[in-house]
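Heads up: the structure comes next, in structure tokens.
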Amino acid sequence: MATGNPLLRRGLLFVLSSPSGAGKSTIARMILEADDGIGLSVSATTRPIREGEEDGKDYHFVSNSEFDELVESGAFLEWAHVFGHRYGTLKTEVVKQIEGGRDVLLDIDWQGTQQLKQVDPDIVRVFVLPPSMEELDRRLRSRGTDSDEVVAHRMNRAHIEISHWAEYDYVFINDDADKCKKLVHTVLKAERLKASRRVFLHDFVRSLLAGEAAFVREQRLG
Ligand code: 5GP
């Protein structure tokens, strides 16, 4: 995504998807804690707030009519129906961070990822798989926040989500959160180093070839 700020490289939209319960939120939290160059895009949702969640931090919890208004005013980069509720990425969340010179982590599903890819073909898409469906079922139950019916629904939904794994650039199996986080973080750091994102290289090479005193500006290599 192009930015109007003096970034030394292009900002990055970093998408993390997985079926619910595969450990994506834990990995997202670990990346955000370990790397101050990336911030979370806090989505808007019509889903009711869960115990322990905070409005504005986990999600912007909105009513159905508020969500309708956001859709009508073009406030979303993407939005989708998930588990009978609506979820969407707010443009303001992304622009605010990109303009602050940061990359943005988006915890969104496959539908949102497909839409975002249309908006910005340069996004990086990472998918996290559970080690087995038994383990996924166990993790969903151990949360203790959802009824049997909801867990069964989430397991059905997991099959659909997983069927989209091949649409992603990087796919990891989360059999160990630390190991998986390291892999995801390695991808983030490597993607930042892509020549196409490091726009300052144009100026550098121009002055290099012109025989001018080419100076190396600070490089944010993460
Ligand atoms: P949960 O209700 O468990 O927090 O999230 C349910 C699912 O909605 C997760 O798979 C999550 O990735 C997805 N989700 C959260 N925010 C967004 C969003 O802004 N857009 C889309 N498309 N999916 C989202």
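Index from 1, following the sequence. Ligands are counted one by one from 1 in listed order, and the atoms in each one are counted from 1 as well.
Checking only distances, Tyr59 does come within under 3.5 Å of ligand 1, N or O to N or O. Residue Ala44 places no N or O, backbone or side chain, under 3.5 Å from any N or O of ligand 1. Taking any N or O of Gln111, backbone or side chain, none lies under 3.5 Å from an N or O belonging to ligand 1. Taking only nitrogen or oxygen atoms, main chain and side chain alike, Ser20 does not reach within less than 3.5 Å of ligand 1.
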> For Leu90 and Leu70, what are the C-alpha separation, side-chain angles and deciding distance, and is it a side-chain contact (heavy atoms from CB on, under 4.5 Å)?
Replying inline: CA-CA 9 Å; Leu90 293 160; Leu70 289 167; 4.2 Å; yes
> How far apart are the C-alpha atoms of Lys189 and Asp35, what are their side-chain angles, what is the distance that settles it, and do they pass the salt bridge (Lys or Arg N to Asp or Glu O under 4.0 Å) test?
Replying inline: CA-CA 10 Å; Lys189 290 187 212 172; Asp35 194 315; over 6 Å; no
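Counting the atoms of ligand 1 from 1 in the order shown, those under 4.0 Å from a heavy atom of Arg47 are 1 (P), 2 (O), 4 (O). Interface of Ala80 with ligand 1, defined as ligand atoms under 4.0 Å from a residue heavy atom, comprises 22 (N). Atom numbering of ligand 1 starts at 1 in the shown order; those under 4.0 Å from a heavy atom of Phe83 are 6 (C). In the vicinity of Gly112, heavy-atom distances shorter than 4.0 Å reach the ligand 1 atoms 22 (N). Per-residue contacts place Arg154 under 4.0 angstrom from the following atoms of ligand 1 (heavy atoms of the residue considered): 3 (O). Distances below 4.0 Å separate heavy atoms of Glu78 from the following atoms of ligand 1: 18 (C), 19 (O), 20 (N), 21 (C), 22 (N).
His60 and Asp55 share no side-chain donor-acceptor pair at under 3.5 Å. Between the side chains of Glu135 and Ser132, no donor-acceptor pair is found at a separation under 3.5 Å. For the 3.5 Å distance criterion, the side chains of Gln111 and Tyr87 fail to qualify, holding no donor opposite an acceptor. Between the side chains of Ser41 and Thr89, no donor-acceptor pair of N or O atoms lies under 3.5 Å.
The nearest heavy-atom contact from the protein to atom 9 (C) of ligand 1 is Lys24 NZ, 3.6 Å. For atom 23 (N) of ligand 1, the nearest non-hydrogen atom of the protein is Asp109 N, 3.2 Å. When only non-hydrogen protein atoms are considered, atom 16 (N) of ligand 1 lies nearest to Ser43 OG, 3.2 Å. Looking at atom 14 (N) of ligand 1, its nearest protein heavy atom turns out to be Asp107 O, 3.6 Å. For atom 7 (C) of ligand 1, the nearest non-hydrogen atom of the protein is Val82 CG1, 3.7 Å.
A cation-pi arrangement is found for Arg154 relative to Phe83, the charged atom lying closer than 6.0 Å to the ring centre and inside a 45° cone about the ring normal. Seen from the ring of Tyr170, Arg125 does not count as a face-on cation partner, given the 6.0 Å and 45° thresholds.
Under 4.0 angstrom from ligand 1, the non-hydrogen atoms of Arg50 all belong to its side chain. Contacts between Gln115 and ligand 1 below 4.0 angstrom, taking non-hydrogen atoms only, are absent altogether.
Proximity of a side-chain donor or acceptor of Asp58 to a complementary backbone N or O of Glu54 within less than 3.5 Å is detected. Between the side chain of His85 and the backbone N or O of His81 there is no donor-acceptor pair closer than 3.5 Å.
Two rings, from Trp110 and Phe127, have their centers 6.0 Å or more apart.
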